[in-house]
Amino acid sequence: MAAEIQIANLVKAYANGTKALKGVNLEIEKGQCFALLGPNGAGKSTMVGILTTLVETDAGSFSIAGIQPQKDAASLQKVIGVASQENELDPVETAENLLVFQGRLFGMDKALARKRASELIHTFRLSDEREKKAECLSGGNKRRLHCALALMHRPRVLFLDEPTVGMDPHARAKFWEVITQLNREQGVTVFLTTQYLEEAEKHASSMALLINGQIKYAGSISCFKNLVNPAGSLSLDESYLAFADSMKADLSIS
Ligand code: ADP
Ligand code: MG
């Protein structure tokens with residue numbers, strides 16, 4: 001059976017000449033919680049942008065749930081949800097209204113959109129913010145709202161680009177409870193980027209390491225740790241740094 005996300009030879013250069021992706025191949029099986037790791041500027045958000053049809057590629061192809069964007073972009077957009085790093089929220093709309101509009105955009109009637117919005121407000125503990133304008137939300141609450149927006153239409157593949165930046169420890173724990181439940185109980189495939197490697201280690205089932213637009217490792221987290229340190233006592237964080245040293249690449253996180 002085909003992988004849930006299949007990526008073949010993706011290449012992307014921006015207009016200013018920056019080569020963000022230099023031929024990326026990856027396969028992610030259905031039901032995985034997959035973490036794309038790598039330093040700032042590695043090309044992670046570019047990849048999320050391409051896979052969610054927000055950024056155009058120069059070469060290569062991909063499919064998600066068997067759907068190719070060039071053949072059926074509308075169907076593809078229905079099966080994916082995305083909380084991207086640069087999501088703009090309409091500053092003067094309330095959190096609740098933004099959720100309801102999102103539901104309407106995906107074809108829900110008003111009553112259904114309101115019901116689903118209420119569920120997600122409850123799930124992401126946004127009850128105190130529901131009437132607040134987006135511009136008045138704290139950074140962490142904005143990230144929670146981004147995630148709730150991404151889930152309004154019950155996507156089967158969820159993209160989360162550095163989702164927990166700015167969340168306090170309680171919000172982060174609750175966030176992972178929600179995502180883990182979606183992943184394990186509802187089989188939602190999660191494609192995550194994060195700089196919090198302990199988070200990836202705890203919650204992801206597979207990973208890839210993207211450096212300077214190229215995949216340097218793809219597979220399970222335990223195999224990565226084993227590859228770096230066969231004696232086997234390093235955390236993912238320590239393994240990542242050791243791998244960087246061994247490559248003599250600059251992986252400093254600015
Ligand atoms: P990451 O998410 O891993 O930090 P990005 O995908 O955001 O990396 O960026 C990859 C590279 O592409 C970086 O060198 C970045 O400066 C560049 N880049 C990203 N977006 C643009 C853009 N819109 N125009 C020009 N260069 C960009
Ligand atoms: Mg990024």
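Note that ligands are numbered from 1 as they come in the structure, with each ligand's atoms numbered from 1 the same way.
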Q.
For distances below 2.8 Å, what is the count of protein N, O or S atoms around the Mg ion (ligand 2)?
A. 2

(Q) Pairing donors with acceptors under 3.5 angstrom, does anything connect the side chains of Asn141 and Lys132? (A) no

Q: Would you check if there is a donor-acceptor pair between the side chains of Thr194 and Glu162 at a distance under 3.5 Å?
A: no

Q) Is it the side chain, the backbone, both or neither of Asn16 that has a heavy atom closer than 4.0 Å to ligand 1? A) side chain

Q. Which is it for Ala15 and ligand 1 at heavy atoms under 4.0 Å: side chain, backbone, both or neither?
A. neither

Q | Qualifying residues under ring-ring contact (aromatic ring centres under 6.0 Å, His included), relative to Phe62, sequence neighbours excluded | A | none

Can you tell me which residue and heavy atom of the protein come closest to [atom], and the distance to 0.1 Å?
atom                    : answer
atom 14 (O) of ligand 1 : Thr18 CG2, 3.4 Å
atom 27 (C) of ligand 1 : Tyr14 CD1, 3.2 Å
atom 3 (O) of ligand 1  : Lys44 NZ, 2.7 Å

Q: Would you sort out whether Lys202 and Glu198 count as a salt bridge (charged side-chain N to carboxylate O under 4.0 Å, His left out), showing the intermediate values?
A: CA-CA 6 Å; Lys202 195 163 169 199; Glu198 73 288 352; over 6 Å; no

Q.
So is Gly49 touching ligand 1 or not, going by heavy atoms under 4.0 Å?
A. no

Q.
Taking only non-hydrogen atoms of Gly43, do any sit less than 4.0 angstrom from ligand 1?
A. yes

If the cut-off is 4.0 Å to any non-hydrogen atom of [X], which atoms of ligand 1 fall inside it?
X     : answer
Ala42 : 1 (P), 3 (O), 8 (O)
Thr46 : 5 (P), 6 (O), 9 (O), 10 (C)
Ser45 : 1 (P), 2 (O), 6 (O), 7 (O)
Pro39 : 3 (O)

Q. Are the charged groups of Glu56 and Lys12 less than 4.0 angstrom apart, N to O?
A. no

Q.
Any carboxylate oxygen within less than 4.0 angstrom of a Lys/Arg side-chain nitrogen, looking at Glu119 and Arg114?
A. no

Q. Hey, what's the ring geometry for Phe224 with Tyr217, parallel, tilted or perpendicular (30° and 60° as the breaks)?
A. tilted

Q: Could you check whether the rings of Phe175 and Phe124 sit parallel, tilted or perpendicular, using 30° and 60° as the cut-offs?
A: tilted

**Q.** Protein non-hydrogen atom below 4.0 angstrom of atom 11 (C) of ligand 1 present
**A.** yes

Q. From atom 20 (N) of ligand 1, is the closest protein heavy-atom distance below 4.0 Å?
A. yes

(Q) For Ala20, is there any backbone N or O sitting under 3.5 Å from a side-chain donor or acceptor partner on Thr18? (A) no

Q. Looking only at distance, does Gly41 have an N or O less than 3.5 Å from an N or O of ligand 1?
A. yes

Q: Using distance alone, decide if ligand 1 has a nitrogen or oxygen within less than 3.5 Å of any nitrogen or oxygen in Asn40.
A: no

(Q) Evaluate Glu4 against Arg156 for salt bridge (charged side-chain N to carboxylate O under 4.0 Å, His left out), listing each step before the verdict. (A) CA-CA 10 Å; Glu4 186 76 338; Arg156 68 183 257 181; 2.7 Å; yes

Q: Tell me, with the steps shown, if Lys174 and Arg125 meet side chain to side chain contact (heavy atoms under 4.5 Å, CB included).
A: CA-CA 9 Å; Lys174 180 63 193 167; Arg125 299 193 176 169; 3.7 Å; yes

Q. Atom CD1 in Ile121, atom CG in Asp128: separation rounded to 0.5 Å?
A. 11.0 Å

Q: Evaluate the side-chain hydrogen bond (donor to acceptor under 3.5 Å, both in side chains) criterion for residues Thr164 and Glu199: first the C-alpha distance (whole Å), next the side-chain angles of each, then the deciding distance (0.1 Å), finally the verdict.
A: CA-CA 9 Å; Thr164 55; Glu199 212 169 65; 2.9 Å; yes

